[in-house]
Amino acid sequence: MKLVTYRRDGVVSCGLATDRGIVDVPSAWPDRDAPQSVMDILRRGSACLDILARLPETIEAVPLDALTLLAPLPEPGKLLALAGNYAEHIKEASQSRGFELGLSDSPRWTTVPRPFLMPANVVCGPEDTIPWPVYSRQIDYELELAAVIGSKAKCVPADRALDCVAGYMVANDVSARSVTFKEGRGKRPWDEFYDWLGGKWADGFLPTGPYLVTKDEIADVQNLHMVLKVNGQVRQDANSSQMIYPIADIVSFLSHLMTLEPGDVICTGTPSGVAIATGNFLQAGDVIEGAIDGLGTLTNTLGPRPETFYEPLKR
């Protein structure tokens, strides 16, 4: 199933994307206690998904052009992401920055994932304009496969980790590669790390969608073709098989650090081809399309460049 959140005539609801259009879940639900959001569906668990899977195909559907798709989870639980989960991306980032980011000969067996958290304000949906933040002159794209947790996970072994996943989405982990608040700043240890981390937190910097595709629709999540285009030009072309840490390992690792709960989103890293490696950063008005086999295409536009930038140390 393809779960969606959408707005029609000013009202936000949840639905199922079908070949005929969008089936509204609250209207199609067989009794009064209908789920009102995708988050509600996930929290109700597999029994709720089973009911949705059995809804009659004759239920009326609304054409896509009569509504607006939003992020499938506009207000997710926790937002987690991985830094450096594709070897070629680690190599290109190291070369572009002039220092070693760390890639052992066999990283999956000699290292562990490097996760970080993001605030909920980063979420935006398909066709949304990504705001250009006032603290960066260099904006980059990062196509990622996002896993969505469907059941509570605590200290789960890798061989059972995918049982806790509800489904998958396309995500674009947009990044501010430069920060204007470093200008005129005294040098301190760890500044570059925190600059990088701050570059992940801007409003609208994590488009997701267009659907949350339930895991039963995906035969092998570790063998999905991934392509990102900017204005029609291919920038990233990879396969999820190239991940250093597969999704099962990621979910297991994170579940030992914290309790994962339904509606938590995990972005699993980006492959090579990002702009920091070439200097070909995004420009205002650029159209970014991220596509992953079976998960759809996520399209967004970068908004206008700010007329002035935030420089807190400027005198």
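Starting from 1, each residue takes its place in the sequence as its number.
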Inter-residue atom distance [X].[atom1] - [Y].[atom2], 0.5 Å rounding:
| X | Y | atom1 | atom2 | answer |
| --- | --- | --- | --- | --- |
| L162 | I250 | CG | CD1 | 10.0 Å |
| W190 | L197 | CH2 | CG | 12.0 Å |
| Y211 | E217 | OH | CD | 11.5 Å |
| E289 | L143 | CD | CG | 11.5 Å |
| N280 | Q138 | CG | CD | 11.5 Å |
| L145 | I292 | CG | CD1 | 4.0 Å |

Kindly give the heavy-atom pair with the smallest separation between [X] and [Y], and that separation in Å.
| X | Y | result |
| --- | --- | --- |
| G263 | P76 | O-CB, 3.6 Å |
| Y141 | G273 | OH-O, 2.7 Å |
| I59 | A28 | CD1-CB, 3.6 Å |
| V179 | K182 | O-CG, 3.1 Å |
| D216 | T214 | OD1-OG1, 2.7 Å |
| P26 | P35 | CG-O, 3.5 Å |

Are I139 and D286 close enough, and set up right, to give a side-chain contact (heavy atoms from CB on, under 4.5 Å), and what steps lead you there?
-> CA-CA 11 Å; I139 309 300; D286 281 352; over 6 Å; no
Which pairs, with at least one residue in [range] and sequence neighbours excluded, count as a side chain to side chain donor-acceptor pair (under 3.5 Å)?
| range | answer |
| --- | --- |
| residues 293-306 | none |
| residues 13-36 | Y6-D24, S13-D24, D24-S27, W29-D31, D33-R44 |
| residues 250-265 | K78-E261, K78-D264 |

Who pairs with K229 by salt bridge (charged side-chain N to carboxylate O under 4.0 Å, His left out), at least two apart in sequence or on another chain?
->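 For K229 there are no salt bridge (charged side-chain N to carboxylate O under 4.0 Å, His left out) partners, ignoring immediate neighbours.
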With K152 via salt bridge (charged side-chain N to carboxylate O under 4.0 Å, His left out) - residues at least two apart |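 Salt bridge (charged side-chain N to carboxylate O under 4.0 Å, His left out) list for K152, sorted by chain: empty.
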Give a yes or no answer on whether the side chain of [X] reaches the backbone of [Y] with a donor-acceptor pair at less than 3.5 Å.
| X | Y | answer |
| --- | --- | --- |
| Q242 | P271 | no |
| D140 | A275 | yes |
| N121 | W201 | yes |
| S272 | H89 | no |
| Q222 | S241 | no |
| K215 | V165 | yes |
| S178 | R137 | yes |
| E142 | V274 | no |
| S240 | N223 | yes |

With Y194, which residues qualify under ring pair (Phe, Tyr, Trp, His ring centres under 6.0 Å), at least two apart?
->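 For Y194 there are no ring pair (Phe, Tyr, Trp, His ring centres under 6.0 Å) partners, ignoring immediate neighbours.
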When you look at F181 and L313, which way does the side-chain contact (heavy atoms from CB on, under 4.5 Å) test go after all the steps?
-> CA-CA 7 Å; F181 51 75; L313 297 176; over 6 Å; no
Please check if [X] and [Y] belong to a single hydrophobic cluster, counting links between Ile, Leu, Val, Met, Phe, Trp and Tyr side chain heavy atoms closer than 4.5 Å.
| X | Y | answer |
| --- | --- | --- |
| V148 | F116 | yes |
| I90 | L82 | yes |
| V112 | V251 | yes |
| V234 | I288 | no |
| I41 | V11 | no |

Minimum side-chain heavy-atom gap [X]-[Y] below 4.5 Å:
| X | Y | answer |
| --- | --- | --- |
| T180 | Y135 | yes |
| S136 | R177 | no |
| V4 | V38 | no |
| C267 | L206 | yes |
| R235 | T278 | no |
| L80 | L260 | yes |
| L73 | L212 | yes |
| L69 | E127 | no |

Pick one: which of T208, L298, L3 meets side chain to side chain contact (heavy atoms under 4.5 Å, CB included) with M169?
->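 Among the candidates, only T208 passes.
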Passes side-chain contact (heavy atoms from CB on, under 4.5 Å), I22 versus R8? Steps please.
-> CA-CA 11 Å; I22 303 298; R8 186 187 186 201; over 6 Å; no
Has E311 got more than 12 heavy atoms of other residues, nucleotides or ligands less than 6.0 Å from its CD?
->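 More than 12 within 6.0 Å, yes.
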So, are D195 and R185 salt-bridged, with charged N and O less than 4.0 Å apart?
->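 Yes, D195 and R185 are salt-bridged.
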Verify side-chain contact (heavy atoms from CB on, under 4.5 Å) between V134 and T308, making sure each step is shown before the conclusion.
-> CA-CA 7 Å; V134 297; T308 58; over 6 Å; no
With a 3.5 Å cut-off and no angle check, do the side chains of T268 and Y245 form a donor-acceptor pair?
->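 Absent: no donor and acceptor within the cut-off.
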Steps toward salt bridge (Lys or Arg N to Asp or Glu O under 4.0 Å) verdict (D163, R160) | CA-CA 6 Å; D163 294 342; R160 291 197 289 110; 5.7 Å; no
